[in-house]
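First up is the structure itself, then whatever we jot down about it.
Numbers restart at 1 for each chain; the letters A, B, ... are given by sequence-line order, proteins then strands.
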Amino acid sequence: MRLATWNVNSIRSRIARVEDFLTRHDVDVLALQETKAREDQLPLLGLESMGYEVAAAGVNQWNGVAVISRVGIADVEVGFPGMPGWGDPLVQESRAIGVTCGGVRVWSLYVPNGRKPDDPHYVYKLDWLARLRDAATSWRDVPTALVGDWNIAPTDDDVFDIAQFARSTHVTPAERAAFRAFLDDGWADVVRPHAPGPNVYTYWDYYRQRFERNRGMRIDFVLGSPPLAERVTHAWIDTDERAGTGASDHAPVVVDVDL
DNA sequence: ATGGTCGCTGGGCGA
């Protein structure tokens, strides 16, 4: 099974690129973040005619997650148990969707950005991660993938210049500890062994020609439960997808699983 | 410290 995750930064503005990506890499399951679309807008995009089913959660112009699959979609769950923020106007909702595809439980996650270390959203981000970790402990014994935009650069090698992040989110000790806690629990970064750093990124800001100069961040990850991780045969970051006009600011991450 | 570029929308806001 070929599984991919991609912060697409609006699926409607990039549907042609999504279709090309699926075809180019023969993708079975694609988890999307920042779809920036309502649930009812996704069936209009025609992915069904390519043989894919779609499950989406989105309520406004920000965020929004989805999974599209040609190996089935079952047990759709919007939000994980204990996910904080529902109904809170401070929070942009629809950040997580869980589905079962071809025997694998896939969670498409858009971890809260945090905005600034002194912003209430930063506290929310840490709380969100702690509650996700709690929920995820019950998923470790079955093939499960926690995929998406984690909005955390786990090490200094995962940003182009750590000095430029002195007062920024994504690199604070608390965020890094929150990410590391998943690894401590047995979740594995299944891409890093196949795409070691430094200077290997998944996101580049649109401005200042960050991509052209490879000044990016590695913030998109596929974490596998032990039963899944041991079956990963290959993985890569589709950096080419980030090139050219009309690209998302994130590159897709692709994982092959021998099921 | 600000601004640079996108994508939502139809004036800013979030990233």
Side-chain angles (χ1 to χ4, degrees), chain A residues 5-21 31-42 44-45 56-66 84-86 88-96 108-129 147-154 158-172 175 178-179 201-221 237-253:
Chain A
T5 180
W6 189 10
N7 181 324
V8 71
N9 188 17
S10 169
I11 189 173
R12 286 175 295 158
S13 72
R14 241 172 293 289
I15 186 60
R17 274 184 177 262
V18 171
E19 293 173 354
D20 287 349
F21 170 75
L32 294 163
Q33 302 85 38
E34 289 206 67
T35 52
K36 297 187 177 179
R38 297 186 312 269
E39 299 169 42
D40 58 292
Q41 293 174 314
L42 271 78
L44 306 175
L45 298 177
V59 295
N60 57 30
Q61 68 267 48
W62 296 290
N63 309 321
V65 288
W86 293 106
D88 185 342
L90 179 76
V91 172
Q92 303 301 334
E93 295 173 308
S94 295
R95 298 176 174 276
S108 181
L109 306 169
Y110 182 69
V111 175
N113 174 285
R115 300 187 184 177
K116 300 286 182 191
D118 60 356
D119 191 292
H121 284 85
Y122 176 81
V123 178
Y124 171 65
K125 178 181 194 174
L126 296 176
D127 184 37
W128 199 94
L129 286 161
V147 313
D149 181 353
W150 289 73
N151 273 318
I152 298 170
D158 299 322
V159 297
F160 66 87
D161 179 7
I162 190 62
Q164 296 210 13
F165 293 83
R167 282 168 296 278
S168 303
T169 57
H170 295 58
V171 300
T172 65
E175 289 165 282
F179 185 86
Y201 308 123
T202 65
Y203 162 82
W204 301 258
D205 254 328
Y206 279 125
Y207 36 78
R208 290 186 169 180
Q209 295 183 307
R210 286 274 173 82
F211 178 72
E212 288 75 7
R213 298 184 295 151
N214 194 30
R215 294 169 77 75
M217 307 172 73
R218 187 196 279 237
I219 56 177
D220 299 86
F221 298 99
I237 300 161
D238 184 13
T239 308
D240 291 344
E241 174 54 46
R242 178 62 180 80
T245 55
S248 168
D249 44 1
H250 293 250
V253 179

Rounded interatomic separation in angstrom, taking CD from A:E34 and C1' from B:dG7: 9 Å
P-based separation of B:dT2 from B:dC6 [nearest Å]: 23 Å
Between B:dG14 (P) and A:D205 (CG): distance, integer Å: 17 Å
A:T169 versus A:Y122, closest heavy-atom pair with distance: CG2-CD1, 3.9 Å
Atom P, compared across B:dA1 and B:dG12: separation rounded to whole Å: 25 Å
Geometric class of the A:F211/A:W204 ring pair [parallel <30°, tilted 30-60°, perpendicular >60°]: perpendicular
Sugar-phosphate, base or nothing in reach of A:Y110, heavy atoms under 4.0 Å: sugar-phosphate
Candidates B:dC8, B:dC6, B:dA15 - which lies nearest the side chain of A:S13: B:dC8
Sugar-phosphate only, base, or nothing, as touched by A:R12 at under 4.0 Å among non-hydrogen atoms: sugar-phosphate
Flag if over 12 foreign heavy atoms under 6.0 Å of CD, A:Q164: yes
Residue whose closest nucleotide on DNA chain B lies nearer the 5' end, A:Y207 versus A:G114: A:Y207
For atom NZ of A:K125 and atom P of B:dG14, their distance in whole Å: 16 Å
Length of the line joining A:K36:NZ and B:dC8:P, which is rounded to integer Å: 7 Å
Length of the line joining A:W204:CH2 and B:dA15:P, which is rounded to integer Å: 20 Å
Rounded interatomic separation in angstrom, taking CD from A:Q41 and C1' from B:dG7: 13 Å
Sugar-phosphate only, base, or nothing, as touched by A:R167 at under 4.0 Å among non-hydrogen atoms: nothing
Closest non-hydrogen atom pair, A:I219 against A:H170: CG2-CD2, 4.1 Å
Salt bridge (Lys or Arg N to Asp or Glu O under 4.0 Å) contacts in which one or both residues fall within residues 209-218 of chain A, not counting sequence neighbours: A:D158-A:R218, A:D205-A:R210
Rounded interatomic separation in angstrom, taking CZ from A:R17 and C1' from B:dC6: 13 Å
Whole angstrom value for the distance that separates P of B:dC8 from CG of A:D249: 12 Å
